[in-house]
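Just below is one structure, and these are the notes that go with it.
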Amino acid sequence: MPELPEVEVVRAGLAPAVAGARVRGVEAHDPRALTRHVGAPADFEARLTGREIAGTARRGKFLWMPLSDDPARGPEAVMVHLGMSGQMLLRAPGAPAERHERVRVWIEHPDHGELAVVFADQRTFGSLAIDELVPTPDGNPGGFGDAAPLVPRQAAHIARDPLDPAFDDALFRRRLSGKASAVKRVLLDQTVVSGVGNIYADEALWASRIHPETLGRDLSTRAANRLLAEVRAVLAKALAEGGTSFDAQYVNVNGQAGYFAHSLNAYGRRGKPCPRCGTTIVRERFTNRSSHVCPRCQRRPMRVET
DNA sequence: ACTCGTACCTGTTAGC
DNA sequence: TGCTAACAGGTACGAG
């Protein structure tokens, strides 16, 4: 479940089940699910077993579960990145293996009893890790869901996401205005703004009537503000609808799909009419991926010789 | 210091 | 119908 709304749906689903729970056992079935973990799979299993999970937090598409302090170590967390196809599922302890199950963590919660937390991932671009928590430079909370001013080392280079109260609008505008890259590439650059992926980039660009190939530095302050506002709006609306699910791949911790796919205006709508002007939406190649644009509402910028 | 292209995977679908 | 190519929601890294 890749972009911010889908990851937040997962975080919110995990929170009540894992906060205050103790890890009773860990089984890593596939080492590719631990590529972000420094150390062997056996190290991951051993270090996590017996620990208490304090809560959950998220910045952009990075999710983590802070662990209760271990006097022998500094603050640390189980970090999760879902990649393109990762899922975190809550199951009964003896539930049969999921398709593409990579890691299973058995937990015991004082109120809810025993549960299995399953990480399943078809394409294996996602992974888990035990990571050190480092202080945020601005002293603000590391992410959504936890007030601690800490962030996993592997997520520290990621910008705050636009739904974070500590997101710096002026900094975003400044970074954008200095870019010789296409605005869509800037939206997908998680060190500039986090949480946006291919779906919501296309949706926000459509809503703000900006062609994805427009250079960041060519956007007026006004256009940059409009874009940021539309990014926020689409992320918030998608979150309220439980995220985007085209198929059974993108689901919450109980395996249920979200409803935002019905609200898409541009993404995946090649050949269908633009909801604003009726012009046929086209698909364009974009760095080995695709962009969906309305050729009338989103005018391709003139090539300027430099 | 930037910017871009590519590698990393498995599964499904579009097209011949 | 069957095969192959294209494509799918992301990130990190190396080359230029």
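A note on names: the letters A, B, ... follow the listed sequences, proteins ahead of strands, and every chain is numbered from 1. None of these values were measured; they are calculated from a predicted model.
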[X] side chain N/O closer than 4.0 Å to the phosphate oxygens (OP1, OP2) of [N]?
X	N	result
A:Arg283	C:dC7	yes
A:Ser181	B:dC4	yes
A:Lys61	C:dG9	no
A:His81	C:dA12	no
A:Gln190	C:dT11	yes
A:Lys179	B:dC2	no
A:His100	B:dT10	no

In whole angstrom, give the distance that lies between atom [atom1] of [X] and atom [atom2] of [N].
X	N	atom1	atom2	answer
A:Leu82	B:dC9	CG	P	19 Å
A:Leu34	B:dC8	CG	P	19 Å
A:Gln87	B:dG11	CD	C1'	13 Å
A:Phe246	B:dT13	CZ	C1'	15 Å
A:Arg32	C:dT11	CZ	P	19 Å
A:Lys184	B:dT3	NZ	P	18 Å

Relative to each other, are the rings of A:Tyr267 and A:Phe246 parallel, tilted or perpendicular (30° and 60° limits)? parallel
If you measure only the distance, is there a donor-acceptor pair under 3.5 Å linking the side chains of A:Arg36 and A:Ser127?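 Short answer, yes.
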Return yes if a side-chain donor-acceptor contact under 3.5 Å exists between A:Ser208 and A:Arg226, otherwise no.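 Per modelled atom types, A:Ser208 and A:Arg226 side chains form no pair under 3.5 Å.
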Stepwise side chain to side chain contact (heavy atoms under 4.5 Å, CB included) test for A:Leu219 and A:Arg173: CA-CA 10 Å; A:Leu219 289 175; A:Arg173 284 193 300 264; over 6 Å; no
What nucleic acid atoms does [X] come within less than 4.0 Å of, heavy atoms only: base, sugar-phosphate, or nothing?
X	value
A:Arg285	sugar-phosphate
A:Asn288	base
A:Ser290	sugar-phosphate
A:Arg185	base
A:Tyr200	nothing

For B:dA14 versus C:dG9, give the span between their P atoms, rounded off to a whole number of Å. 15 Å
P atom, C:dA6 versus B:dA7: distance in rounded Å? 15 Å
Tell me whether A:Phe125 and C:dT11 count as stacked here, given that the ring centres must be under 5.5 Å apart and the planes must differ by less than 30 degrees.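 Stack criterion not met.
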Taking it one step at a time, do A:Leu4 and A:Tyr200 satisfy side chain to side chain contact (heavy atoms under 4.5 Å, CB included)? CA-CA 9 Å; A:Leu4 185 153; A:Tyr200 301 113; over 6 Å; no
Passing candidate, side chain to side chain contact (heavy atoms under 4.5 Å, CB included) with A:Gln298, options A:Val293, A:Thr214, A:Val282: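 The passing option is A:Val293.
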Assess whether atom CZ of A:Arg270 is packed by more than 12 heavy atoms of other residues, nucleotides or ligands within 6.0 Å. no
Looking only at the side chain of [X] (C-beta and beyond, no hydrogens), which of the listed nucleotides [options] gets closest?
X	options	result
A:Arg123	C:dT11, C:dG9, C:dA8	C:dA8
A:Thr287	C:dA8, B:dG5, C:dA12	B:dG5
A:Met84	B:dT10, C:dG9, C:dT11	C:dG9
A:Thr124	C:dG9, B:dC9, B:dG5	B:dC9

Please name the nucleotide paired to C:dG9 by Watson-Crick or G-U wobble geometry with both distances under 3.5 Å, or report none. none
Applying a 3.5 Å limit to both distances, which nucleotide forms a Watson-Crick or G-U wobble pair with B:dC9? none
